[in-house]
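Labels below follow one simple rule: chain letters A, B, ... track the order of the sequence lines, proteins then strands, and each chain is numbered from 1. From a predicted model like this one, the values you see are computed outputs, not experimental measurements.
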Protein chains: 2
Amino acid sequence: MNAIMQNKHIFKDKVVLDVGCGTGILSMFAAKAGAKHVIGVDMSTIIFKAREIVKVNGLEDKITLIQGKMEEIEMPYPKVDIIISEWMGYFLLYESMLDTVLYARDRYLNKDGLIFPDKATIFVAGIEDGDYKEEKIGFWDNVYGFDYTPLKETALSEPLVDTVEMKAVVTDPTPVLTLDLYKVQPSDLAFSCPFDLTARRDDFIHALVAWFDIEFTACHKPIRFSTGPHTKYTHWKQTVFYLKDVLTVQQGEKVECSLHNRPNEKNRRDLDIKIQYRLDTQDPNRQAEGTCLYKMC
Amino acid sequence: MNAIMQNKHIFKDKVVLDVGCGTGILSMFAAKAGAKHVIGVDMSTIIFKAREIVKVNGLEDKITLIQGKMEEIEMPYPKVDIIISEWMGYFLLYESMLDTVLYARDRYLNKDGLIFPDKATIFVAGIEDGDYKEEKIGFWDNVYGFDYTPLKETALSEPLVDTVEMKAVVTDPTPVLTLDLYKVQPSDLAFSCPFDLTARRDDFIHALVAWFDIEFTACHKPIRFSTGPHTKYTHWKQTVFYLKDVLTVQQGEKVECSLHNRPNEKNRRDLDIKIQYRLDTQDPNRQAEGTCLYKMC
């Protein structure tokens, strides 16, 4: 809302495309900001409600809503000046509409066109999460008297979308992926990134937490927001990846990690994620390394 | 668990069928209770994990787990002595497996066989829910400056699965459906029930709340549990149906209601529900009547 409404000079008289418009809220902001015309596209039948909403708000002359796949619909304009989209999913990429935004960019965006938002960064940090890990993973040791450990592996392999308190964060955060929406290609969404996590204090690390920041760099005054543990709640929460081991870290020590992400081959909307970690310390009793496989589905 | 484990004399040496066995927890209780053999059936791939769990608990000789539809699988026994199943959905019937349990009963249960549980009752009461109704329904009056009232109708037509506090309950509860699992037919799940709700105090009624009770009458000492607002939390919570009107009721007054439920014709797992209400009072300013249509999907 702020990125659009505070930048009327950018939207004035422009043709705007809203990818995955849902109930049409961003399309209506763009129309209010002075766009010449807004095209909203969504596969869902929510678009019929969106049409009613646009009408009761008197914006039906300014906004055209089209139901269908971006790849298949007929666009009323050959090119657009601005693409707006709220495409982000959990862990930024899970069930995201980024592929569709990139298709729309390549097919419909003018050479000097703008994308709102245009930058996204995934961050990772180590967290102390002993109580919850015990509750979530240890639970399976004894379920009404039965050994349910076969489900432990399943529980460990499912990243958990949940809120993490700032005080649980043990290491400095590190970016693992930065997307420039003007340049990124669909193939870039399968990526590998080595990174180090440096402990801020003596503590334990039970899991890694990931979140993302979003930027609108085309704004007069750049606008950004974060979905991290240090800032206010968003529905994206954070994503927690439990490690097999508990790492016992001292202040200043580094955990060498790598994160590999790729869309699942059978279902492109699922993500296969691999995290490798190695705690390199002088203390042989605390050395630890491992590889964990996760599936977001 | 209690219905099975407290009734070993009933389960001893019996052949038991667990319909929709999931991770196999009820099958394992039945095996521990002395069943001769337990057959667990589930469509989901969870059954592969269930097999591992049964094995690590040393019960693989007592429990046979079969993946597939009840209607299509080959059963290792022509008849069973007891059917156990946790088939209940939200509002008892939403996405429930009752159809499958009834199929299993008719096809596989011995003449004198038992069903756990064997009785289910849906209750309805009127509730005061002004604050939350405003938050949930009134929200659409102004969404970041736009008129979103077209979504109000949608919000009103979606029953809300949520917990209701006992103090919100304004009327006596009334049963609207009782199912005897030995006798019920699939066609009975489309039903109409007229009922009266009597106000316990002067208050407002914004919605009706529904919940269900479950009984195991074959137990030595009958076991039952409720999912109502008066008792402890279950994952079924309660189901809230907002009314178009706010009813202003005085202690002792009756609201004449009827509830109609039927599976949706296009998608049998969805429910079409109609609630009619009429507040009959001497006070012409408080008279109200209406019909609300809901869809659980």
Novice: Applying side-chain contact (heavy atoms from CB on, under 4.5 Å) to A:Lys32 and B:Phe146, what does each step give before you reach the verdict?
Specialist: CA-CA 10 Å; A:Lys32 283 280 183 198; B:Phe146 293 110; 3.6 Å; yes
Novice: Just how far is it from atom CD of B:Glu52 to atom CD of A:Glu153, taken to the nearest 0.5 Å?
Specialist: 7.0 Å
Novice: Within a reach of under 6.0 Å around NE2 of B:His220, are more than 12 heavy atoms found that belong to other residues, nucleotides or ligands?
Specialist: no
Novice: Can you tell which part of A:Ile25 gets under 4.5 Å to a heavy atom of chain B, answering side chain, backbone, both or neither?
Specialist: both
Novice: Atom CD of residue position A:Glu95 - does it have more than 12 heavy atoms of other residues, nucleotides or ligands inside 6.0 Å?
Specialist: yes
Novice: For the atom pair CG (A:Leu151) and NZ (B:Lys49), what is the distance rounded to the nearest 0.5 Å?
Specialist: 6.5 Å
Novice: Step through the shown structure and confirm whether more than 12 heavy atoms of other residues, nucleotides or ligands are within 6.0 Å of CZ on A:Arg262.
Specialist: no
Novice: Count the heavy atoms belonging to other residues, nucleotides or ligands that lie under 6.0 Å from CE of A:Met43, then report whether that count exceeds 12.
Specialist: no
Novice: Determine whether more than 12 heavy atoms belonging to other residues, nucleotides or ligands lie under 6.0 Å from atom CG of A:Asp270.
Specialist: yes
Novice: Would you say that more than 12 heavy atoms from the other residues, nucleotides or ligands in this model lie under 6.0 Å from the CD of A:Glu165, or not?
Specialist: no
Novice: In Å, rounded to the nearest 0.5 Å, how long is the span from CG of B:Leu26 to OH of A:Tyr144?
Specialist: 10.5 Å
Novice: Do B:Tyr148 and A:Met28 have side chains that get closer than 4.5 Å, going by heavy atoms?
Specialist: yes
Novice: Decide yes or no for B:Asp147 and A:Ile53: does some side-chain heavy atom of the first lie under 4.5 Å from some side-chain heavy atom of the second?
Specialist: no
